[in-house]
2 protein chains.
Amino acid sequence: MAKKPKILCVDDEQDILDLLTFNLEKEGYDVCTALNGRKGLEVAKRELPDLIILDVMMPEMDGMETCREIREIPALQSVVITFLTARNEDYSQIAGFEAGADDFITKPIRQRLLISKIKALLRRSAPSDVKKEMSIGGIEIDREKYLVTKDGVHIQLPKKEFELLVLLSSAPGRVFTRENILNSIWGNDVIVGDRTIDVHIRKLREKLGDENFKTIKGVGYKFEA
Amino acid sequence: MAKKPKILCVDDEQDILDLLTFNLEKEGYDVCTALNGRKGLEVAKRELPDLIILDVMMPEMDGMETCREIREIPALQSVVITFLTARNEDYSQIAGFEAGADDFITKPIRQRLLISKIKALLRRSAPSDVKKEMSIGGIEIDREKYLVTKDGVHIQLPKKEFELLVLLSSAPGRVFTRENILNSIWGNDVIVGDRTIDVHIRKLREKLGDENFKTIKGVGYKFEA
DNA sequence: GCCTAAGGTTAACCTAAAGTTAAGTTTTCT
DNA sequence: AGAAAACTTAACTTTAGGTTAACCTTAGGC
C-alpha cells in the first residue's frame with residue numbers, strides 16, 4: 001500500500017482534536033494537530049499533509065484566513081481542505097468555498113460520516129510529491145534557489161517566467177491549459193490578457209530552447225525534454 | 001474557454017428542476033433534467049454529463065439506486081454525483097457515500113451555496129478524472145499529457161480527434177451514436193454537419209489503424225482492440 | 001442484383017488560437 | 001528620483017486544425 005495519508009487537524013478545543021485524532025488514527029491515517037490557525041499554518045508547512053481539517057471559529061486566526069494563507073503556499077496548493085462548522089452556518093460555507101475550501105464537516109461530528117467524507121475526499125485528490133530540484137533534458141531547475149541552468153550555464157529568469165517554468169516542469173509532458181496557468185500563477189481573481197501567457201512562453205522558448213515548450217492548440221502548453 | 005460543463009438534474013418535482021435549471025444556466029452551465037431515476041439513467045447515458053444532482057427521495061427508482069446504476073456504466077464512472085436531501089438526514093449520507101456519491105446538497109436549496117458547491121466539485125474533479133492513462137490493443141492514451149502512443153510511437157493528435165478518441169475509448173466495445181458524440185464533444189447547442197464526425201473518424205483511422213474503429217451502420221461508431 | 005441512404009473521401013475554405021513585436025506601465029533597485 | 005528590469009497590452013500576422021461541400025463508395029433491404 002501507499003504511504004499513510006497524513007491529516008492535519010486544527011481546532012482550538014483539545015477535546016475535538018482528541019476525538020478527531022482517535023477516529024482518524026483508528027482508520028489508519030497519520031494525524032497531526034494544531035491548536036490555532038497560526039500554528040496550523042506552521043505545521044502544515046512542515047508536515048505537508050494530504051488533507052487539512054480546519055475549524056472555522058478559532059481565536060487569533062480563524063479558519064477562513066488560515067485557509068487562504070495555506071492556499072498561498074505553492075507546496076500546499078493542491079492539499080484538500082475541509083472546514084469544521086456548526087450546523088446551519090450556510091452563509092459561512094459560501095465564504096468558505098471562496099476561500100478555497102473543498103468541503104465542510106458539521107458539528108456535532110458523526111464518526112461514520114466523518115470517515116466516509118475523508119475517504120471520498122482523499123480518493124479524489126492525487127498524490128503530490130514535489131521535488132525541490134530537477135533536471136530534464138539539459139535544463140536544471142532549483143526551485144528553492146530560484147536558479148535555472150541550461151547546459152551548465154546559469155540563467156537568471158524573472159519571477160513570472162520562473163513560475164511558469166516551475167509549473168510546467170512540475171509535471172513534464174502534462175498539458176497545462178491557459179486556465180490552469182492563470183489560476184496557479186496569477187490566481188483566480190486577477191485577470192490578465194491571453195496574450196500575456198504567450199509572451200512569457202516566448203521568452204522561455206528564447207532562453208531555454210524552442211523545442212522544450214510545446215503548444216497544443218486549443219488546449220494549452222506542455223514542457224518536454 | 002473550455003466547453004461548458006454539463007449538469008444533469010434528477011428530481012420528481014418539476015419546481016425543483018426549474019429552480020436548479022434557472023440557477024445553473026445563469027452560471028453558464030449546460031443543464032439537462034429528468035423527472036425520475038430511470039429517466040435520469042437514460043439521459044445520463046445519452047448526454048454523458050460532468051455532474052449529476054440526484055434527489056434521494058423519488059418514486060420508482062430512488063437516488064441511491066440510480067447512483068449505484070450510474071456507477072456501473074463505464075463511461076460515467078468518473079462523473080461527479082451529488083445528492084439532494086432534506087436537512088438532518090445524516091444517516092442517509094453514510095449510505096450515500098457508500099453508493100458512490102461525492103457530496104450532498106440539503107433542501108431547502110440556498111442558491112449561492114449551491115453554486116459554490118457545484119463549482120468546488122467541478123474544480124476538484126476536473127484534474128483528477130480518475131484514470132489518466134489507459135492502454136488498449138497497443139494504443140496508449142494519456143489524457144494529462146494529451147498524448148497517444150501506438151506501438152511505442154508518440155502521436156500528437158489535434159484536440160477534436162483526441163477528444164473523440166477519449167470518448168470512444170472510455171467504453172471500448174460500446175457503440176456511441178452520432179448524437180452521443182455530438183452531445184459530448186460539441187455540446188448540445190453547437191450544430192455541425194454530419195460529415196464532420198466522419199472526417200475526424202477518418203483521421204483517427206489513418207493514424208491509429210482502421211481496424212480499431214468500427215462503423216455500425218445506422219447506429220454509430222465503436223472503438224475496439 | 002439493383003437502388004437508396006448512410007457513410008467515406010478529398011481538398012478547399014475559414015476561423016479561432018497562438019505567435020510576434022513594440023510600445024506602454026508598473027515595479028524594483030540604486 | 002531616475003534608470004533599468006519586468007510585466008502587460010494592443011495591434012497585427014501567421015497557422016493549425018476544424019468544417020464544409022461535392023462527389024464517391026458500400027451495405028443491406030427489396
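Numbers restart at 1 for each chain; the letters A, B, ... are given by sequence-line order, proteins then strands. Note that the coordinates shown come from a computational prediction; the quantities given were computed from them, not determined experimentally. Because only heavy atoms are used, hydrogens play no part in the values below, and waters and symmetry mates are left out as well, while side chains stay in.
Put simply, CG on B:D194 is 9 Å from C1' on C:dG7, counting in whole angstrom units. Spacing between atom CZ of B:R195 and atom P of C:dA6 amounts to 10 Å, rounded to whole angstrom units. Per the geometry, CD belonging to A:E161 stands 7 Å off P belonging to D:dC7, to the nearest Å. Look at NZ on B:K160: it is 10 Å from P on C:dA17, rounded to the nearest Å.
The pair A:E206-A:R202 meets the salt-bridge criterion, with a side-chain N (NZ, NE, NH1 or NH2) lying under 4.0 Å from an Asp/Glu carboxylate O.
Annotation: side chain to side chain contact (heavy atoms under 4.5 Å, CB included) contacts of A:T215 (sequence neighbours excluded): A:R205, A:Y221. Evaluation of the side chain to side chain donor-acceptor pair (under 3.5 Å) rule for A:S169 yields no partner, not counting sequence neighbours.
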Kindly list each side-chain donor-acceptor pair under 3.5 angstrom involving residues 192-199 of chain B, sequence neighbours excluded, with atom names and distances?
unit_1	atom_1	unit_2	atom_2	d
B:R195	NE	B:D198	OD2	3.4
B:R195	NH2	B:D198	OD1	3.4
B:R195	NH2	B:D198	OD2	3.0
B:T196	OG1	B:G193	O	3.3
B:D198	OD1	B:R178	NH2	2.4
B:D198	OD2	B:R178	NH2	3.2

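Of the residues in residues 198-223 of chain B, those lying under 4.0 Å from DNA chain D by heavy-atom distance are B:V199, B:H200, B:K217.
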Distances under 3.5 Å between protein N/O atoms and the N/O atoms of nucleotides 24-30 of chain C, please, pair by pair.
none

Atom pairs, protein N/O to nucleotides 2-4 of chain C N/O, distance under 3.5 Å:
none

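In this model, a donor atom of one side chain and an acceptor atom of the other lie less than 3.5 Å apart for B:D18 and B:Q14.
For B:W186, no side-chain nitrogen or oxygen approaches OP1 or OP2 of D:dG18 to under 4.0 Å.
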Starting from the C-alpha separation in whole Å, work towards a yes-or-no answer on salt bridge (charged side-chain N to carboxylate O under 4.0 Å, His left out) for B:E65 and B:R68.
-> CA-CA 5 Å; B:E65 185 50 28; B:R68 247 175 250 116; 3.1 Å; yes

